[in-house]
Amino acid sequence: MERDIPQAEKKVYVTLYKKDGLAYALALLATLAEFVYVIAILDVMPVSYQMGFTVMVNIALIFLLFSCAVKMNVYQRGWALAALGAAGYMALRAATVVPLVLRPYGRQTLILAADLAGAALLLAAGLSSLRRGGRRRKLQRALEEQEGRRADGKDRV
Amino acid sequence: MGRIGFEKVNKVYPNGVHAIHDFDLTVEDGEFIVLVGPSGCGKSTVLRMLGGLEQITGGTLTLDGKVINKTPPVERDIAIVFQDYALYGNLSVYDNVGISMKIRHERETDIYDRVLHAAETTDIVEYLNRLPRQLSGGQKQRVALARAIIRRPKAFLMDEPLSNLDAKLRNATRVEIVKLQRELGVTTVYVTHDQTEAMTMADRIVVMREGRIQQVGTPSEIYRAPANLFVAGFIGVPQMDLLEGAVRAGRFHFGENSLRLPERAARALAGAEGRKLTLGLRPESFLPARAGGENALPVTVERTEYMGSYSILHADLGGWRVECRMEAAGPTAFLTPDLERAHFFDSETGEAVLHMEVEDGHGQLD
């Protein structure tokens with residue numbers, strides 16, 4: 001509950017009471033980009049056995065992205081790592097799966113842009129969440145230790 | 001600063017209902033004023049007009065000398081605490097308290113400072129991460145107070161903020177609100193229909209009835225020198241016993257009974273001989289008597305309410321129903337009204353004619 005501290009440090013104190021709105025917003029935007037990607041790819045990929053897989057994988061991915069958004073909002077480290085993983089998958093997908101496996105016959109630019117934008121947004125969300133969450137956890141530990149020392153002092157008295 | 005002025009303020013609704021009649025009042029800076037009266041007397045309307053939630057029909061409303069008749073609520077620098085708290089259910093306590101600063105796009109770190117200060121003042125620091133639904137009524141009310149004080153307004157307006165709390169919590173929160181107001185020194189206008197709240201919290205009380213001010217005064221003034229029969233009957237628990245009669249030859253006659261008036265009262269009421277008067281006696285102004293004597297009247301006790309340190313007797317006094325407060329419960333055949341503490345009112349106009357305690361000199365008002 002310190003108030004006479006530098007602004008940068010105070011921002012960490014604010015995270016004790018505020019949700020991580022930035023990571024949440026970035027992850028939601030990434031979900032939106034994923035929607036654009038799915039709609040575009042399903043329109044222009046050849047009708048084949050791959051289509052079913054594409055639909056299923058993307059449903060799972062959208063669900064994962066939304067979960068990441070909700071959980072990063074409350075500083076959960078594991079979900080920030082999952083977001084980074086998903087960003088990696090989306091980048092890899094743009095480089096390999098789309099041109100080599102799905103082979104869309106149109107809208108390549110839109111698909112590439114949506115895919116890369118989603119990956120970039122998710123990367124930013126994950127890194128931001130990890131950074132803020134890390135500082136927050138450090139502060140929480142420090143406060144707990146402080147509280148513990150105070151309780152010990154009281155016990156001795 | 002937070003000096004509030006009402007000058008001949010009127011409120012007439014479009015359907016023609018004249019809710020407030022020529023309301024004149026000055027609330028000094030830092031004063032805790034309580035508007036009290038029965039339901040529908042216009043006290044909440046006065047508060048809403050001051051807060052800018054109702055337009056006034058006539059008169060002048062000032063805040064620190066500046067006329068605010070047409071100033072929008074957001075520019076009045078007044079914080080309102082409502083009976084139902086009006087908290088945002090989807091926001092945490094921290095966000096609820098800091099919402100006014102957030103709307104003004106202030107820095108997160110500044111919001112943090114002020115929220116924490118308000119939370120410490122209202123003792124809600126440990127609930128800052130909770131949602132309103134995870135709080136009790138008293139805690140919610142403290143959050144509403146914190147949200148009000150974070151703005152550092154010129155005045156607080158409170159519209160029956162304790163009505164939704166149970167009796168024990170109401171007492172505790174009452175004390176907290178008064179303590180907080182004293183600490184902050186912010187002008188506070190508080191609306192309630194509960195006279196206990198009015199008596200215990202106010203610097204001054206405004207008693208209202210049907211849109212009109214009946215009396216303005218300190219709790220002591222209101223209790224010991226009610227301006228009329230309405231105020232006399234409204235303030236005090238149990239309420240004042242009123243006996244209608246007339247003064248003749250130094251005695252007050254009511255029904256088939258009469259009481260010998262103290263010399264001072266007889267002198268003061270000499271001019272009112274033959275007029276219908278109402279004798280007002282507080283329940284604690286009766287003394288038990290074992291046998292008849294001067295001014296001892298026979299009573300029939302109908303019911304006794306045991307209250308712990310005292311009892312309330314519901315009795316028939318010569319055909320008049322009275323409620324008396326007795327320190328010890330026991331058989332009582334006679335009661336002697338203490339006329340040195342009596343109040344006399346004109347039965348026709350209802351206006352006070354004589355307050356014995358006040359006129360007496362040893363009952364100086366605060």
Side-chain angles (χ1 to χ4, degrees), chain A residues 1-28 66-67 69-77 79-80 124-125 127-151 153-154, chain B residues 85-136 139-152 176 180 183-184:
Chain A
M1 300 304 150
E2 298 293 328
R3 280 200 290 274
D4 300 326
I5 50 174
Q7 288 290 313
E9 205 175 323
K10 199 177 282 180
K11 280 183 183 167
V12 187
Y13 274 89
V14 173
T15 62
L16 294 175
Y17 302 109
K18 295 290 291 179
K19 290 180 178 170
D20 191 352
L22 177 67
Y24 180 70
L26 289 173
L28 283 186
F66 187 70
S67 300
V70 171
K71 297 295 182 180
M72 282 193 294
N73 199 18
V74 290
Y75 304 97
Q76 291 207 0
R77 187 180 146 81
W79 288 90
L127 290 176
S128 158
S129 179
L130 279 178
R131 186 166 146 264
R132 287 185 181 199
R135 286 179 181 171
R136 185 175 187 265
R137 276 184 288 279
K138 205 171 145 192
L139 175 64
Q140 278 176 322
R141 272 198 301 275
L143 290 174
E144 276 164 21
E145 280 170 20
Q146 206 176 330
E147 197 61 37
R149 278 199 298 275
R150 207 174 292 159
K154 271 187 192 162
Chain B
Y85 325 121
L87 301 178
Y88 297 101
N90 59 324
L91 298 183
S92 68
V93 168
Y94 180 93
D95 289 333
N96 263 291
V97 175
I99 188 90
S100 60
M101 294 183 74
K102 178 92 180 166
I103 287 168
R104 291 199 298 266
H105 302 290
E106 297 198 29
R107 281 196 308 188
E108 283 293 350
T109 46
D110 292 342
I111 297 175
Y112 169 82
D113 283 344
R114 297 263 289 275
V115 168
L116 228 61
H117 180 256
E120 280 166 4
T121 309
T122 52
D123 200 18
I124 53 164
V125 175
E126 60 192 293
Y127 314 126
L128 284 175
N129 274 323
R130 293 196 195 168
L131 289 171
R133 66 168 175 270
Q134 295 167 316
L135 302 176
S136 69
Q139 289 162 349
K140 281 183 197 167
Q141 198 51 265
R142 294 212 297 264
V143 175
L145 282 172
R147 190 175 58 181
I149 66 176
I150 197 174
R151 293 178 50 193
R152 295 179 186 157
E176 278 177 28
L180 190 65
E183 278 172 17
L184 300 171

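Sequence lines set the chain letters: A, B, ... in the order given, protein chains first and strands last, and positions in each chain run from 1.
Counting heavy atoms from C-beta outward, B/Asp95 and A/Lys18 have side chains that approach closer than 4.5 Å.
Applying the salt bridge (charged side-chain N to carboxylate O under 4.0 Å, His left out) test to every pair with at least one member in residues 130-142 of chain A, sequence neighbours left out, gives these pairs: A/Asp20-A/Arg132.
Shown here is B/Arg130, whose CZ atom has more than 12 heavy atoms of other residues, nucleotides or ligands within 6.0 Å. Around atom CZ of B/Arg133, no more than 12 heavy atoms belonging to other residues, nucleotides or ligands sit under 6.0 Å away.
Between B/Tyr94 and A/Tyr17, the ring-plane angle classifies as parallel under the 30° and 60° cut-offs.
Rounding to the nearest 0.5 Å gives a distance of 6.5 Å between CG of A/Leu16 and OH of B/Tyr112.
Considering A/Lys11, A/Gln7, A/Lys10 as possible partners of B/Thr109, the one that fulfils the side chain to side chain donor-acceptor pair (under 3.5 Å) test is A/Gln7.
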